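Order of the sequence lines sets the chain letters (A, B, ...), proteins ahead of strands, with each chain counted from 1. The structure presented is a predicted model; accordingly, all values stated were derived computationally and were not measured.
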4 protein chains.
Amino acid sequence: MPTQKIGKEDIVRNALLVFKEQGYHHTTMSDIGKACGLLKGSLYHHFSGKEQLMEAVLENLNQYYEKKIFQIADNPDLAPADKLRYLIEKSVEIFFTQRVGCLMASIGLETTPIRPSFSAEIQRFFTSWAQCMECILTELGHPHAQVATMAWQSVAEVEGGLLLAQVFQDDTYLHNAHKNIYNRFLNNSL
Amino acid sequence: MPTQKIGKEDIVRNALLVFKEQGYHHTTMSDIGKACGLLKGSLYHHFSGKEQLMEAVLENLNQYYEKKIFQIADNPDLAPADKLRYLIEKSVEIFFTQRVGCLMASIGLETTPIRPSFSAEIQRFFTSWAQCMECILTELGHPHAQVATMAWQSVAEVEGGLLLAQVFQDDTYLHNAHKNIYNRFLNNSL
Amino acid sequence: MPTQKIGKEDIVRNALLVFKEQGYHHTTMSDIGKACGLLKGSLYHHFSGKEQLMEAVLENLNQYYEKKIFQIADNPDLAPADKLRYLIEKSVEIFFTQRVGCLMASIGLETTPIRPSFSAEIQRFFTSWAQCMECILTELGHPHAQVATMAWQSVAEVEGGLLLAQVFQDDTYLHNAHKNIYNRFLNNSL
Amino acid sequence: MPTQKIGKEDIVRNALLVFKEQGYHHTTMSDIGKACGLLKGSLYHHFSGKEQLMEAVLENLNQYYEKKIFQIADNPDLAPADKLRYLIEKSVEIFFTQRVGCLMASIGLETTPIRPSFSAEIQRFFTSWAQCMECILTELGHPHAQVATMAWQSVAEVEGGLLLAQVFQDDTYLHNAHKNIYNRFLNNSL
DNA sequence: AATGAATGAGAATTCATTCAT
DNA sequence: AATGAATGAATTCTCATTCAT
């Protein structure tokens with residue numbers, strides 16, 4: 001069966017889900033092939049290997065976050081509180097739609113420092129996220145000197161919440177992280 | 001040569017370090033053997049397999065934390081603030097001595113839900129930690145209704161800090177998590 | 001785009017070079033495609049497979065040698081000494097222009113007896129060469145009884161020289177073989 | 001079935017035969033395993049890969065030739081003519097016992113310049129052989145200035161003969177090469 | 001005729017596990 | 001208890017070949 005069964009983008013999207021569920025090392029090319037309706041060998045038409053495929057997944061995820069989520073910070077039509085709400089709603093949506101926590105976190109823990117080629121993208125993700133938070137917090141009127149620390153604290157808190165949510169298979173831990181951030185910065189509950 | 005070269009305990013201790021550095025799937029029995037001065041085959045005299053060895057590692061780590069660290073909460077001779085300080089100092093000590101973050105977190109992210117046999121110990125770890133925090137916060141006079149949330153938030157924050165510390169290879173992220181906790185509960189800096 | 005990009009002949013010529021440089025098994029259809037400015041799939045419009053392509057290459061090479069080189073023996077206008085000189089000059093020219101030794105020899109050693117379908121052409125090549133030598137040696141006045149042995153010895157000597165030239169990446173070994181033949185049959189040096 | 005089934009040396013010896021018959025690229029680790037009564041995976045206990053195994057084969061063959069054959073040149077108890085006879089008898093014996101020509105030649109043609117790690121051993125083989133011939137020819141009273149050329153010519157002639165013998169599956173070609181050498185240097189026939 | 005995605009059979013290699021010594 | 005050779009299943013990757021467009 002020749003002619004395009006599936007595009008590069010689709011492979012990346014499918015691979016993302018498999019990697020998220022099973023981790024990098026435990027996922028086989030065959031698993032990913034199956035998720036795409038392809039044989040493992042066919043994946044090599046599109047990606048030169050497992051490592052490059054994962055890199056594409058991480059890049060793609062970064063682009064998605066930057067274009068669809070973190071750019072909210074630059075939107076001049078929204079109030080900062082709405083931006084924060086949007087940011088959290090979106091991340092809730094993503095995490096709960098796709099299940100199984102944050103790829104960047106799990107791959108980061110599983111493969112740093114063993115797979116340095118992944119680190120750049122993973123670091124870029126967290127940096128973009130923190131910068132987005134910084135912008136919002138600045139707009140909310142927080143003093144410039146504290147904004148970076150507050151942003152990174154929020155990132156850590158959410159990622160910690162995701163970790164616990166995954167380990168306990170219980171979303172409450174993530175919800176609580178979000179609640180804390182609301183309370184801290186918007187003075188009202190979820 | 002039926003002479004005992006190494007005990008079960010030693011293998012567990014060595015395996016812990018290797019698993020921490022390389023993750024569960026990327027670590028081979030041969031790696032662990034090497035770290036113990038044994039050949040991989042010899043490990044099977046002590047453990048029935050890789051999975052059981054990892055379980056022993058997790059159990060052992062739990063026991064260590066419970067006996068040496070989390071039990072601080074029950075010590076009647078210490079002020080609650082000192083308990084909190086001790087808890088944080090110890091975790092700093094462990095993480096910075098052994099490098100490479102928190103085994104429970106990385107194995108948790110890498111193997112949940114793929115390897116359910118690890119989950120019990122990993123959950124037990126975080127639960128003990130949170131309970132320890134709860135006790136301390138209660139003693140510090142925080143209202144009973146909020147103590148659990150505050151405890152879990154702290155755990156999440158520290159774990160998030162550890163994640164970032166590992167991903168960026170920069171301890172500052174962990175230090176900041178600890179600073180935040182000090183500030184929040186002791187109203188003084190590190 | 002059903003436009004003819006390249007003819008069968010061109011593919012054969014390009015394939016020859018690639019097979020010579022890389023050997024039969026180590027050469028992929030993709031390598032040959034690349035050398036032709038085609039994708040590997042397109043080669044199957046012209047040849048039913050890798051084996052048939054190699055057969056075409058061997059046939060083509062044989063035809064080239066027979067038409068352009070070995071037919072010199074039948075040329076009534078040349079003195080036998082000039083024929084020998086021509087034969088050697090040509091083979092020097094071919095081997096040093098195209099580099100990487102004699103296709104017939106390398107493919108012969110690599111694929112006999114594994115790929116019997118190649119043997120006929122390879123044998124034909126050496127037989128034609130020896131016959132050409134025989135004619136020349138006969139014309140040079142050597143006794144009929146010894147002419148065959150002398151011809152085959154020369155072939156062996158040149159092929160041995162080519163082998164050493166390839167293994168040591170040093171053309172001297174081939175030059176020496178030619179010098180020996182000159183000395184033996186023409187009593188003068190190169 | 002644990003405990004030594006086969007030694008490293010035996011694997012090398014078996015691998016030699018398989019590589020000789022099938023060439024380097026066409027031989028699979030599975031083929032070699034089969035020839036040894038092992039599974040392919042077991043070969044990796046003894047050799048880190050196919051390339052290393054082939055290197056061991058080439059080294060081993062070199063050592064064999066140097067210790068058992070080429071050292072004849074240094075034997076003070078033999079007349080030079082006997083040395084030459086011994087050298088040729090031995091090579092006849094080896095080639096006709098093991099069939100399928102000269103490993104060094106076929107691997108040399110198949111893998112130069114693609115596998116430079118083999119070249120050193122292959123070159124060493126031909127160099128040792130030529131040196132052995134040089135010694136013998138010197139002892140036979142040939143002028144120093146010509147001895148090297150004569151030696152290399154003989155090597156080339158024999159290798160060319162082997163090539164033809166393999167391509168035509170006919171030992172005569174090799175016998176003839178030997179005859180020529182006898183005639184040239186001993187003035188008597190085989 | 002050319003493309004290029006897909007196939008599927010196998011290639012090399014890895015690794016948890018077994019077991020005779 | 002330790003060894004280390006052997007296993008065999010699994011894994012990554014390759015490549016000749018097919019075929020719809």
Side-chain angles (χ1 to χ4, degrees), chain A residues 1-8 11 25-33 36-51 53, chain B residues 1-8 25-33 36-53, chain C residues 1-8 25-33 36-53, chain D residues 1-8 11 25-33 36-51 53:
Chain A
M1 306 77 193
T3 35
Q4 195 96 347
K5 280 180 79 167
I6 197 174
K8 222 165 155 145
I11 295 176
H25 289 104
H26 192 249
T27 295
T28 71
M29 291 302 267
S30 188
D31 291 335
I32 296 171
C36 299
L38 291 177
L39 289 177
K40 58 187 170 170
S42 308
L43 297 172
Y44 290 85
H45 255 276
H46 304 277
F47 302 94
S48 60
K50 187 180 174 183
E51 195 156 347
L53 176 50
Chain B
M1 311 80 191
T3 36
Q4 177 109 4
K5 280 181 74 170
I6 197 172
K8 228 164 148 143
H25 289 104
H26 191 250
T27 295
T28 70
M29 291 301 268
S30 186
D31 290 335
I32 296 171
C36 299
L38 293 177
L39 287 177
K40 58 180 172 179
S42 309
L43 297 172
Y44 289 83
H45 285 283
H46 303 276
F47 301 93
S48 60
K50 188 181 175 184
E51 197 155 347
Q52 287 67 39
L53 175 50
Chain C
M1 310 79 187
T3 37
Q4 178 109 1
K5 280 182 74 171
I6 197 172
K8 228 166 148 138
H25 288 105
H26 192 248
T27 295
T28 70
M29 291 301 268
S30 185
D31 291 334
I32 296 171
C36 300
L38 293 176
L39 287 177
K40 59 180 172 180
S42 309
L43 297 172
Y44 289 84
H45 286 283
H46 303 276
F47 301 93
S48 61
K50 187 182 176 183
E51 197 156 346
Q52 288 67 39
L53 175 50
Chain D
M1 306 80 191
T3 36
Q4 194 94 348
K5 278 179 84 167
I6 198 173
K8 219 162 156 149
I11 295 176
H25 289 104
H26 191 250
T27 296
T28 70
M29 291 302 268
S30 188
D31 291 334
I32 296 171
C36 299
L38 292 177
L39 289 176
K40 57 184 170 173
S42 308
L43 297 171
Y44 290 84
H45 254 276
H46 303 279
F47 301 94
S48 60
K50 189 180 174 183
E51 194 156 348
L53 176 49

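Between A:L38 and C:L38, the residue anchored nearer the 5' end of DNA chain E, judged by the nucleotide with its closest heavy atom, is C:L38. Two residues, C:T27 and A:E51, neighbour DNA chain F, and the one matched to the more 5' nucleotide by heavy-atom proximity is A:E51. Mapping B:G37 and C:G41 onto DNA chain F by nearest heavy atom places B:G37 at the nucleotide closer to the 5' end.
The B:L39 side chain lies nearest to F:dG4 when the options are F:dG4, F:dT12, E:dA11. Here the side chain of D:K40 is nearest to one of F:dT17, E:dA12, E:dA16, namely E:dA12.
Interatomic distance, B:K40 NZ to B:I32 CD1, rounded to the nearest 0.5 Å: 12.0 Å. A distance of 10.5 Å separates NE2 of C:H46 from CG of C:L53, quoted to the nearest 0.5 Å. Separation of atoms NZ (B:K8) and CG (B:L43) is listed at 11.5 Å; rounding is to 0.5 Å.
Distance NE2 (B:H26) to C1' (E:dT14): 11 Å, rounded to an integer number of Å. Counting to the nearest Å, the P atom of F:dA5 and the CD1 atom of D:I6 are 13 Å from each other. Atom C1' of nucleotide F:dT12 and atom NE2 of B:H25 are separated by 16 Å, given to the nearest angstrom. Atom P of nucleotide F:dA2 and atom CD1 of B:I32 are separated by 15 Å, given to the nearest angstrom. When the P atom of F:dA1 is taken as reference, atom NZ of B:K8 falls 9 Å away, rounded to whole Å. Atom NZ in A:K50 sits about 17 Å away from atom C1' in F:dT14, given to the nearest Å. Atom CE of B:M29 is separated from atom C1' of F:dA2 by 14 Å (rounded to the nearest Å). Residue C:Q52 contributes atom CD, which lies 13 Å from atom P of F:dA16 at whole-angstrom precision.
Checking the phosphate oxygens (OP1, OP2) of E:dT3, a side-chain nitrogen or oxygen of C:K5 falls inside 4.0 Å.
In terms of heavy atoms, C:S48 sits closest to C:Q52 at OG-CG, 3.1 Å.
The stretch residues 42-49 of chain D touches DNA chain E through D:Y44, D:G49, each having a heavy atom within less than 4.0 Å of the strand.
Annotation: cation-pi geometry not satisfied between C:K50 and C:Y44 (NZ/CZ under 6.0 angstrom from ring centroid, within 45° of ring axis).
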**Item:** Pairing annotation in dot-bracket form, given for DNA chain E with Watson-Crick or G-U pairs under 3.5 Å and | for cross-strand partners
**Value:** .||||||||||||||||||||
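Here B:I6 pairs with B:D10, B:I11, B:N14, B:C36, B:L38 under the side-chain contact (heavy atoms from CB on, under 4.5 Å) rule; sequence neighbours left out.
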